There are 2 protein chains.
Amino acid sequence: MPGSPVRGSKTGKPIMALFDLLGRNWSMGVLWILCTVGPLTFRGLQEQCEGISPTVLNMRLKEMRQADFITHTSDGYVVTAMGLELFAFLEPLGYWSLEWAEHLEKLNKELKEA
Amino acid sequence: MPGSPVRGSKTGKPIMALFDLLGRNWSMGVLWILCTVGPLTFRGLQEQCEGISPTVLNMRLKEMRQADFITHTSDGYVVTAMGLELFAFLEPLGYWSLEWAEHLEKLNKELKEA
DNA sequence: ATGATTGCTACTGATAACGTAGCAATCAAA
DNA sequence: TTTGATTGCTACGTTATCAGTAGCAATCAT
């Protein structure tokens, strides 16, 4: 959490705390799926995440609830207003990643020819 | 790399490959520092990253060079055009993370009072 | 009661990261 | 031409995190 030292940051700068949180395995994936697919149960999330282990999923859910990115309702797990704001930054990366993939393909092609 | 299965994604979707890469410890931090501080040597980066272990730093650098986000010149490690494009998405998170930190503080205050 | 679903926890490997030490290469003075 | 400083790493032992399977208590609808 921001303000207190975290894994990967002793300074407690919010941006580093955020990177630390998002930098854990499946953090961004879970947020992405909840935002693009909709509310999901624990087991529903597990399936969408290609069989993520329940241990890790539960840890990520706890962390992201503490960060107020998601919350647990009768519909299952849903993103909060804060989570949606964060997703707004991440969402354009979906399109960009396609260009990045193409760019890498070109690069590797050129390397083979040379 | 996009197109091939990666840790955390069997489908090879570029966005998941990107999340997998950025989701590793210090990936976003290294990119952030190179973009905000400027070209740095291996040891310079180590200091900026609060003493990241050389093993991990070297792994991240290799991965991010393969992803064409950074490259190694006589000035040290520098971001590529692709790396700058990616940073453009990440950079606004710096400001937003401050609001997020404030929001969390408020939330925790309310919890204490209640 | 029975079965299905949900939200987990426990346990055992495997993988990734940390942290210290140190080495070969380059350069620049002494 | 040694000496020292810097740079870009590698090796290695320890610790933390993740993966993968099993299973359990609670809820709900048959």
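Everything numeric here is computed off the predicted structure, so don't read it as measured data. Chain A is the first sequence line, chain B the second, and so forth, proteins listed ahead of strands; every chain is numbered from 1.
The listed nucleotides are D/dA11, D/dT10, D/dC18; the one nearest the side chain of A/Val56 is D/dC18. Comparing D/dG20, C/dC8, D/dC9 by their nearest atom to the side chain of B/Arg65 picks out D/dC9. Taking the side chain of B/Asn58 as heavy atoms from C-beta on, and the options D/dC18, C/dC18, D/dC9, the nearest nucleotide is D/dC9. Taking every side-chain heavy atom of B/Pro54 into account, C/dA21 is the closest of C/dA21, C/dA17, D/dG8.
Between A/His72 and B/Ser53, it is A/His72 whose nearest contact on DNA chain C lies nearer the 5' terminus.
Protein atom NZ of A/Lys62 is 14 Å distant from nucleotide atom P of C/dG7, rounded to whole Å. C/dA16 atom C1' lies 15 Å from atom CG of B/Leu21, rounded to whole Å. Taking atom CH2 of B/Trp26 as the reference point, atom P of C/dA17 lies 13 Å away to the nearest angstrom. Remark: P of C/dG7 and CG of A/Leu61 are 10 Å apart, rounded to the nearest angstrom. Distance CG (A/Leu57) to C1' (C/dA10): 16 Å, rounded to an integer number of Å. In this structure, CD of A/Gln46 is placed 14 Å from C1' of D/dC18, rounded to the nearest angstrom. Between the P atom of D/dT27 and the CG atom of A/Asp75 lies a distance of 19 Å, rounded to the nearest Å. Whole-Å rounding puts the A/Ile52 CD1 to C/dA14 P distance at 20 Å.
Residues A/Pro54 and A/Phe42 meet the side-chain proximity criterion, which asks for heavy atoms closer than 4.5 Å. For the pair A/Thr71 and A/Val78, the minimum side-chain heavy-atom distance is below 4.5 Å. Looking at heavy atoms from C-beta onward, B/Leu45 lies in side-chain contact with B/Leu34 at the 4.5 angstrom threshold. At a threshold of 4.5 Å between non-hydrogen side-chain atoms, the residues A/Thr36 and A/Phe87 count as touching.
Residue A/Asn25 places no side-chain N or O under 4.0 Å from the OP1 or OP2 atom of D/dT17.
Applying the side chain to side chain donor-acceptor pair (under 3.5 Å) rule to pairs touching residues 74-85 of chain A yields A/Glu85-B/Trp96, sequence neighbours excluded.
Here the side chain of A/Trp100 pairs a donor or acceptor atom with the backbone of B/Ala67 at under 3.5 angstrom. Between the side chain of B/Asn108 and the main chain of B/Leu104, a donor-acceptor pair closer than 3.5 Å is present.
Shown for residues 34-43 of chain A: residues whose heavy atoms fall under 4.0 angstrom of DNA chain C, namely A/Thr41, A/Phe42, A/Arg43.
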